[in-house]
Amino acid sequence: MTTPPGFRPEERPLFAGSPYSPQHSAPRRVAYVAFGLFLGTTSTFCNALTTVNTAAIAGPLGLYAAQTAALPAIYVAMNASANLTLVKARAQFGIPEVTGALLILNALVGSFQFLNDGFTSTIILRAVSGMSAAALITLAIYYMMQAFPPKTKPIGGVIGIGLPQIGTPLARLVPVDVLTQNHLWGLHAIEVAHALFTLAVILLLPLPPSEKSRAFCPRDFLTILLATTGLVLLCQVIGLGRTLWWTDTPWLGLALALSIPLLVGAYVVESGRSDPLVHFEWIGSWGILRFSAVALFMRLALADQTYGAVGLQTLAGLDNDQLRGLFLMVSLAMLLGIAVAALTLSERHLPWQVLVAALVISVGAWSDSHASALTRPTQMIFGQAMIGFGTTLFVGPVLLYGFLQVLKRGVDHMVSFVVTFSITQNIGALTGSALLSTLQMGWSRNAANVLAAGTMASDPQTAARLAGGGASLAGALVDPAQRGGQGAALLGQALAREAAVIAFTDTFRFVAILALGTALFVLVNVLVSRRFSRGLT
């Protein structure tokens, strides 16, 4: 393939679909950094606005709890599976064409929300948003890498993949009233404006051209169809399991039963090809399985921030408007994590960065495990900031490690790596929230039973509490029997609330142990690898 005029052969991209890397002027490098920062931080921002405000938007949209839970699940499924198509689409059609088409589609679907924002249109918007986010995350990485000289381009990649992690805490800084005004017009306006402004950004400062080649094969579309359908069904099971409960809803079992043969079918199609879209034999190798396990367990642990901390504060009656200070500090800690990851980046240090990130997350979760019913956001700043710092310290080095494995095997393995990384991060996050919420509910019931067993009506303190609860209602209830019943109900509510708090602290401990176990796993692998390499020399 010939080099376009104005470019040198050494500036060619490593694989088709990625841009050339010419020498840019200083102002243009600054512009790439600024636009990369914007693309990275906002790529997940609009979906996060919906995810972190589900309670506020469910009413205006007329959604039931199960329908609300389906929104992030469909986003995750489409985001995780989109790279099956996007990697090859960029190689065949070009980066601006693919990204521009998704942004226009996003703006059109978002504009339709002004006319009809029911459940169906919202599901379609979340699906399109998931695909757009996958494209924008990659675009942010490309923009950041253009700003760095050839030898330091991995630093740009680490920054670019770290920035999307900030989208969720930033979304919690937006006042709920701004989103819900005039029947959610605020939310719809932000989504449409973001798509159009992002389109303007990439048209104003486009990436250098990329090499195009015929990338798609007819059998690719069969794999994409099977895998995407299977992931959508699987994510719906994971996302709705806690809301509808895992064993109480027959269609969840049916969806799970259908997802398995669909995913197996995608594997069968790919394993019989000479030029597969996904190299399953490489994904099944020990190095990639180890990489996937670490990435998955870390993402499970990071669900503490989206479920545990927020759930504990919601239990106390707080909403996003009262959590702004906490998540502002989390956002700053994430930026610090990106900076530290970039400044300490080297191929030799990658496992140690992941190990330190796991230890930091473990310390943060353990700090929050000492919470009580009186714990407020300011008292959780240290623990949540540590988890936020660990998040961005971890994700960049893990991505770079996987990319190095791709270079060792060949660029035709890029789709396999991107899909593996995307699934571990997206479905891992969804699974983490489902796992923690399920554990918390189970531990809450156990704690409630223990507390109830220790609460006897003959106990003087219990009797005083019952009497006090009834006395507080003396102005509203004349009948002593009714006051006694209401006092018992108030005591039951207090016990349930205390049991839920105990369960949340147990959840924090579980996350701390999970992160610590991941750190030990990484350490053992580093030591074994060193011993093995010394034995070969």
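Along the sequence shown, residues carry numbers from 1.
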Colleague: For a side-chain contact (heavy atoms from CB on, under 4.5 Å) with F45, tell me which candidate from I166, T168, V174, L136 qualifies.
Modeller: V174
Colleague: Is it the case that the side chains of S437 and R242 hold a donor-acceptor pair, with the cut-off being a distance below 3.5 Å and no angle test?
Modeller: yes
Colleague: For the aromatic rings, using the six-membered ring if either is Trp, is the centroid distance between Y64 and F119 under 6.0 Å?
Modeller: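 Not close enough - the centres of the two rings lie 6.0 Å or further apart.
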Colleague: Are any side-chain N or O atoms of N79 and backbone N or O atoms of Y75, one a donor and one an acceptor, separated by less than 3.5 Å?
Modeller: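 No.
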Colleague: In the structure I gave you, are the side-chain heavy atoms of I155 and I159 within less than 4.5 Å of one another anywhere?
Modeller: yes
Colleague: Please report the closest heavy-atom contact between A133 and S43, naming both atoms and the distance.
Modeller: CB-O, 3.4 Å
Colleague: Compare every heavy atom of A341 with every heavy atom of V158, then report the nearest pair and how far apart it is.
Modeller: CG1-CB, 3.9 Å
Colleague: Give a yes or no on whether the backbone of N47 and the side-chain of T51 come within a donor-acceptor separation of less than 3.5 Å.
Modeller: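 Between the backbone of N47 and the side chain of T51 there is a qualifying donor-acceptor contact (under 3.5 Å).
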Colleague: With rounding to the nearest 0.5 Å, note down the distance linking OG in S369 to CZ in F504.
Modeller: 14.0 Å
Colleague: Can a donor-acceptor pair be found between the side chains of T42 and H194 at a distance below 3.5 Å?
Modeller: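 Checked: T42/H194 side chains pair up, N/O donor to acceptor below 3.5 Å.
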Colleague: Is L125 close to F112 at the side-chain level, that is, under 4.5 Å between some pair of heavy atoms?
Modeller: no
Colleague: Answer whether the closest heavy-atom distance between the side chains of C235 and L430 falls below 4.5 Å.
Modeller: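 In contact.
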Colleague: Report the C-alpha separation of E191 and N106 in whole Å, then their side-chain angles, then the decisive distance to 0.1 Å, and conclude whether the side-chain hydrogen bond (donor to acceptor under 3.5 Å, both in side chains) test is met.
Modeller: CA-CA 8 Å; E191 295 208 69; N106 201 340; 5.9 Å; no
Colleague: How long is the gap from CD1 on I57 to CG on L184, to the nearest 0.5 Å?
Modeller: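 I57 CD1 to L184 CG: 6.5 Å, rounded to 0.5 Å.
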Colleague: How many angstroms lie between atom CD1 of I74 and atom OG1 of T122, to the nearest 0.5 angstrom?
Modeller: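 So the CD1 of I74 and the OG1 of T122 are separated by 12.5 Å.
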Colleague: Restricting to pairs with a member in residues 352-363, which pass side chain to side chain donor-acceptor pair (under 3.5 Å), not counting sequence neighbours?
Modeller: T344-Q353
Colleague: I'd like to check V128 versus L102 (side-chain heavy atoms, cut-off strictly below 4.5 Å). Are they in contact?
Modeller: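 Answer no - side chains too far apart.
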Colleague: Of the non-hydrogen atoms in P377 and L326, which two are nearest, and what is the gap between them?
Modeller: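 Nearest pair, atom of P377 first, then L326: O-CD1, 3.8 Å.
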Colleague: Give a yes or no answer on whether the side chain of S121 reaches the backbone of N116 with a donor-acceptor pair at less than 3.5 Å.
Modeller: yes
Colleague: Side chain of T99, backbone of I95: donor and acceptor closer than 3.5 Å?
Modeller: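 Flag set: sc T99 to bb I95 pair under 3.5 Å.
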Colleague: List the steps and the verdict of side chain to side chain contact (heavy atoms under 4.5 Å, CB included) for V360 and V356.
Modeller: CA-CA 6 Å; V360 168; V356 171; 4.2 Å; yes
Colleague: Can any side-chain N or O of T243 pair as donor or acceptor with the backbone N or O of A66 at less than 3.5 Å?
Modeller: no
Colleague: Output yes when a side-chain donor or acceptor of Y143 lies under 3.5 Å from a complementary backbone atom of A34, and no otherwise.
Modeller: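 Not a single qualifying donor-acceptor pair exists.
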Colleague: Quick one: CD on Q440 to CZ on F510, what's the gap to the nearest 0.5 Å?
Modeller: 13.0 Å
Colleague: Are the aromatic rings of W185 and F114 close, with centres under 6.0 Å apart?
Modeller: yes
Colleague: Apply side chain to side chain contact (heavy atoms under 4.5 Å, CB included) to the pair L39 and M144, showing each step before the final yes or no.
Modeller: CA-CA 10 Å; L39 291 170; M144 294 303 301; over 6 Å; no
Colleague: Looking at side-chain heavy atoms only, is the closest gap between S331 and P169 below 4.5 Å?
Modeller: yes
Colleague: Please report the shortest heavy-atom distance between T518 and V294, naming the atom on each side.
Modeller: CG2-CG1, 4.2 Å
Colleague: Any heavy-atom pair between the side chains of L49 and V52 that's under 4.5 Å?
Modeller: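 No; the side chains remain at least 4.5 Å from each other.
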Colleague: Using modelled atom types and a 3.5 Å cut-off, is there a donor and acceptor pairing between side-chain atoms of S81 and backbone atoms of T228?
Modeller: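 Side chain of S81 to backbone of T228: no pair is present.
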Colleague: Can you see whether W443 engages T507 through a side-chain donor-acceptor pair at a distance of less than 3.5 angstrom?
Modeller: no
Colleague: Hey, are the side chains of S444 and I502 touching, using non-hydrogen atoms and a 4.5 Å cut-off?
Modeller: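 SC-SC contact between S444 and I502 ruled out.
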Colleague: Can you measure from CD1 (I361) to CD1 (I387) and round to the nearest 0.5 angstrom?
Modeller: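 If we round to the nearest 0.5 Å, I361:CD1 and I387:CD1 are 7.0 Å apart.
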Colleague: When you look at CE of M131, are more than 12 heavy atoms from neighbouring residues, nucleotides or ligands closer to it than 6.0 Å?
Modeller: yes
Colleague: Checking T138 side chain against A134 main chain: does a donor-acceptor pair fall under 3.5 Å?
Modeller: yes
Colleague: Between L139 and I202, does a side chain to side chain contact (heavy atoms under 4.5 Å, CB included) hold up when you go through it step by step?
Modeller: CA-CA 9 Å; L139 201 65; I202 63 177; 3.4 Å; yes
Colleague: Contact between I338 and L163 at the side-chain level, heavy atoms closer than 4.5 Å - yes or no?
Modeller: yes
Colleague: Looking only at non-hydrogen atoms, find the nearest pair between Y32 and P208 and report the distance.
Modeller: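 For Y32 and P208, the tightest heavy-atom pair comes out as OH-CD, 3.6 Å.
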Colleague: Nearest 0.5 Å, please: how far is CG in D368 from CD in Q379?
Modeller: 10.5 Å
Colleague: Which heavy atom of L196 sits nearest to which heavy atom of A107, and what is that distance?
Modeller: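 Nearest heavy atoms, L196 then A107: CD2-CB, 3.8 Å.
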Colleague: For side chain to side chain contact (heavy atoms under 4.5 Å, CB included), just list the numbers for L203 and L199, CA-CA rounded to whole Å, side-chain angles, deciding distance to a tenth of an Å, and then say yes or no.
Modeller: CA-CA 6 Å; L203 291 175; L199 182 61; 4.2 Å; yes
